[in-house]
Novice: 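One structure is given below, represented as structure tokens, and several questions about it will come after.
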Amino acid sequence: MAVVEEPSLRLLRGVDSIYALAAAAIERGHALTKIIRDHAGHETLGYDAIYEGNSDWRLLVPLDHPAGPALTLVSGTGLTHFGSARDRQSMHAKPAAAAAAADADEPVTDSMRMFRWGVEGGRPEPGKVGVAPEWFHKGSGTILRAHNEPLDVPPYAEDGGEEAEIAGLYVIGPDGLPRRVGMAAGNEFSDHRFEKRNYLNLAGSKLRTCALGPELVIDPAFDSVAGEASILRGGSVLWSKPVRTGEAEMCHSLRNIEHHHFKFESHRRPGDVHVHYFGAHSLSFGDGVRTADGDVMVIWFDGFGRPLRNPVQFTRPGDEMAPLAAIPLT
């Protein structure tokens, strides 16, 4: 465990995880920053070599569960950003000729219609409940990848595309109340080619590895956050685009997103960890980019530490059925 003090990392004493720090803060009723200060040691490490992967030390995901990845739920909210809504409308819209002949009462896709509901009711007055955003399940903690770790395109997938996002990281206290530990830059990573076939494929397109980090930021500014998403191929920039996130860039407030995630009783199980992606501004897929094995995705947001970098790793497609073992009945 370490605190970033550029260009160094200050090691923490007597603690082995962010989860342990959060649990101590909840138990003692102290601010997380105070708990961190109490554990600050004197030893420091150079950040550069660790960040580049040239050290025996390596970066892990910013938050996980010490009892195992099954106790971490990874999820997300879509159709939150004005830019991504345009990409999704284009992705699922009918071809121009068909659209021209379509019923005049159906001028937009279901994706755009849901986005408009968010514009109309996603930012309620304080204490009020707004309209529910699009919600999706990513998986358990087994799908989380740290900085420099590969993002996998499995054999059954059609593509792997970046989604530059900020994610909220939470621990559920013994009282069943969620506490936001902090936020981190993330790459939500999805199969957009599969999703494009039909918007009902969204759920399956999200069941992929995703990246988080390299740093956890406690109580960051989340109004309007500038960033950049890039894809490198052979060491050169294949695609790059400025992105923005934060509440000013979204049709849903952060509080409304959090309410609709944690309103479910099963999402408030004491001790669990939650990683929730808040949505993307723009996608390279919307610009016609298709990733290839060995591409490197780079995600950066101002105020969220060093850029998150992950190579893309394609697995050779195959025709094998998913394994299924029979249970003996006699």
Side-chain angles (χ1 to χ4, degrees), residues 1-52 55-69 71-74 141 144-149 165-186 211-223 225 227 245-246 254-255 258 262 270-278 299-308:
M1 297 296 303
V3 175
V4 177
E5 296 179 353
E6 287 286 6
S8 301
L9 300 176
R10 180 170 300 280
L11 297 181
L12 302 183
R13 299 172 289 109
V15 66
D16 59 3
S17 68
I18 292 289
Y19 186 92
L21 290 170
I26 294 171
E27 180 182 2
R28 301 172 194 174
H30 293 165
L32 181 57
T33 51
K34 179 186 185 308
I35 300 295
I36 292 172
R37 287 194 301 270
D38 290 345
H39 287 276
H42 300 292
E43 185 179 359
T44 61
L45 301 172
Y47 194 2
D48 289 346
I50 298 172
Y51 176 80
E52 296 296 339
S55 168
D56 291 336
W57 294 82
R58 67 185 183 94
L59 295 166
L60 305 178
V61 293
L63 178 64
D64 58 10
H65 200 294
L71 296 178
T72 296
L73 172 67
V74 186
L144 290 173
R145 298 293 181 268
H147 172 73
N148 282 335
E149 292 185 332
E165 308 187 19
I166 298 295
L169 285 70
Y170 305 84
V171 171
I172 312 301
D175 54 5
L177 295 179
R179 272 83 167 181
R180 190 191 320 129
V181 179
M183 296 182 183
L212 203 61
E215 300 170 25
L216 169 71
V217 184
I218 299 171
D219 196 26
F222 194 65
D223 177 28
V225 183
T245 189
L254 177 60
R255 185 67 188 93
E258 292 176 327
F262 289 112
D272 281 2
V273 167
H274 287 248
V275 174
H276 191 81
Y277 289 87
F278 297 135
I299 308 296
W300 169 81
F301 286 106
D302 186 26
F304 283 80
R306 296 195 183 191
L308 170 65

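Every heavy atom of this structure was used, including side-chain atoms; hydrogens, water molecules and symmetry mates were not. For this chain, numbers begin at 1 and follow the sequence in order.
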Novice: Do R58 and E149 have side-chain heavy atoms sitting under 4.5 Å apart?
Specialist: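 Counting from C-beta outward, R58 and E149 do come under 4.5 Å.
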Novice: Would you mind reporting whether P69 and D64 have side-chain heavy atoms less than 4.5 Å apart?
Specialist: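 No, every pair of side-chain atoms sits at 4.5 Å or beyond.
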Novice: Using modelled atom types only, decide if a donor and an acceptor are shared between the side chain of H39 and the backbone of R13 within a distance under 3.5 Å.
Specialist: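 The answer is yes, because a donor-acceptor pair under 3.5 Å joins these two groups.
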Novice: Measuring from atom OG of S55 to atom CG of L45, what distance do you get when rounded to the nearest 0.5 angstrom?
Specialist: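 Going from the OG atom of S55 to the CG atom of L45 covers 7.0 Å.
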Novice: Only counting residues at least two apart or in another chain, list the ones meeting ring-ring contact (aromatic ring centres under 6.0 Å, His included) with F301.
Specialist: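 ring-ring contact (aromatic ring centres under 6.0 Å, His included) check on F301 returns nothing, list empty.
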Novice: What pair of heavy atoms forms the shortest contact from A22 to V171, and how long is it?
Specialist: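 So the minimum-distance heavy-atom pair works out to CB-CG2, 4.1 Å.
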Novice: Looking at side-chain heavy atoms only, is the closest gap between L308 and P214 below 4.5 Å?
Specialist: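 Answer yes - side chains close enough.
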Novice: Which pair of non-hydrogen atoms, one from A40 and one from L12, has the smallest distance, and what is that distance?
Specialist: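 So the two residues come closest at CA-CD2, 3.7 Å.
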Novice: Would you name the heavy atoms of L59 and A146 that are closest together and state the gap between them?
Specialist: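 Shortest heavy-atom separation between L59 and A146 comes out as O-CB, 3.4 Å.
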Novice: Do R180 and E258 meet the salt-bridge criterion of a basic N to acidic O distance under 4.0 Å?
Specialist: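 Salt bridge flag = yes for R180 with E258.
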Novice: CD/E165 to CD1/I299 distance, rounded to the nearest 0.5 angstrom?
Specialist: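 Going from the CD atom of E165 to the CD1 atom of I299 covers 9.0 Å.
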Novice: Does any N or O in the side chain of E52 come within less than 3.5 Å of the main-chain N or O of A49, such that one atom is a donor and the other an acceptor?
Specialist: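 Side chain of E52 to backbone of A49, a donor-acceptor pair under 3.5 Å: no, none is there.
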Novice: Provide the closest heavy-atom pair for A20 versus D16 in the form atom of the first, atom of the second, distance.
Specialist: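 Result for this residue pair: CB-OD1, 4.2 Å.
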Novice: Using 0.5 Å steps for rounding, measure from the CD1 atom of I36 to the NE2 atom of H30.
Specialist: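 With rounding to 0.5 Å, CD1 (I36) is 14.0 Å from NE2 (H30).
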Novice: Do D272 and Y170 pass the side chain to side chain contact (heavy atoms under 4.5 Å, CB included) test, and can you show the C-alpha distance, the side-chain angles, and the key distance before you say yes or no?
Specialist: CA-CA 8 Å; D272 281 2; Y170 305 84; over 6 Å; no
Novice: If you apply the rule side chain to side chain contact (heavy atoms under 4.5 Å, CB included), what do you find for V273 with L71, and how did you get there?
Specialist: CA-CA 6 Å; V273 167; L71 296 178; over 6 Å; no
Novice: Roughly how far, to the nearest 0.5 Å, is the CD1 atom of I50 from the CG atom of D56?
Specialist: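 D56 CG to I50 CD1: 9.5 Å, rounded to 0.5 Å.
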Novice: Flag the pair I218 / T33 as yes when at least one side-chain heavy-atom distance between them is below 4.5 Å, and no otherwise.
Specialist: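 SC-SC contact between I218 and T33 confirmed.
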Novice: So, does R10 use its side chain to make a donor-acceptor pair with the main chain of V4 at under 3.5 Å?
Specialist: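 The answer is no, because no donor-acceptor pair under 3.5 Å joins these two groups.
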Novice: Are more than 12 heavy atoms, taken from residues, nucleotides or ligands other than E27, located less than 6.0 Å from that residue's CD atom?
Specialist: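 No, because the 6.0 Å sphere around CD of E27 holds 12 heavy atoms or fewer from other groups.
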Novice: Applying side-chain hydrogen bond (donor to acceptor under 3.5 Å, both in side chains) to E215 and Y51, what does each step give before you reach the verdict?
Specialist: CA-CA 11 Å; E215 300 170 25; Y51 176 80; over 6 Å; no
Novice: Do L216 and F304 have side chains that get closer than 4.5 Å, going by heavy atoms?
Specialist: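 No - every pair of side-chain heavy atoms lies 4.5 Å or more apart.
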Novice: Looking at every heavy atom in both F278 and A167, which two are closest together, and how far apart are they?
Specialist: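 Minimum heavy-atom contact is CE1-C, 3.9 Å.
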Novice: Just how far is it from atom NZ of K34 to atom CG of L21, taken to the nearest 0.5 Å?
Specialist: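 K34 NZ to L21 CG: 12.5 Å, rounded to 0.5 Å.
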Novice: Less than 4.5 Å apart, side chain to side chain, heavy atoms only: is that true for Y47 and S8?
Specialist: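 Side-chain contact under 4.5 Å: no.
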Novice: More than 12 non-hydrogen atoms from neighbouring residues, nucleotides or ligands closer than 6.0 Å to CZ on R255, yes or no?
Specialist: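 At most 12 heavy atoms, drawn from other residues, nucleotides or ligands, come within 6.0 Å of this atom.
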Novice: Do L32 and R179 come close enough that some side-chain heavy atom pair is under 4.5 Å?
Specialist: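 Heavy-atom side-chain distance check fails, nothing below 4.5 Å.
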Novice: State whether E6 and R306 are salt-bridged, where the test is any N-O pair (Lys NZ or Arg NE/NH1/NH2 against Asp/Glu carboxylate O) under 4.0 Å.
Specialist: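 Looking at E6 and R306, the cut-off is met.
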Novice: I'd like to know whether L169 forms a side chain to side chain contact (heavy atoms under 4.5 Å, CB included) with L212, so could you lay out the CA-CA distance, the side-chain angles of the two residues, the decisive distance to 0.1 Å, and finally the verdict.
Specialist: CA-CA 10 Å; L169 285 70; L212 203 61; 4.1 Å; yes
Novice: Looking at L9 and A2, what are the two nearest heavy atoms and their distance?
Specialist: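 The answer is CB-CB, 3.8 Å.
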Novice: To the closest 0.5 Å, what do you measure between CG (L11) and NE2 (H42)?
Specialist: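 That separation rounds to 12.0 Å.
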Novice: Applying side chain to side chain contact (heavy atoms under 4.5 Å, CB included) to R145 and V61, what does each step give before you reach the verdict?
Specialist: CA-CA 7 Å; R145 298 293 181 268; V61 293; 5.8 Å; no
Novice: Would you say L144 and V275 make side-chain contact, with heavy atoms under 4.5 Å?
Specialist: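 Counting from C-beta outward, L144 and V275 do come under 4.5 Å.
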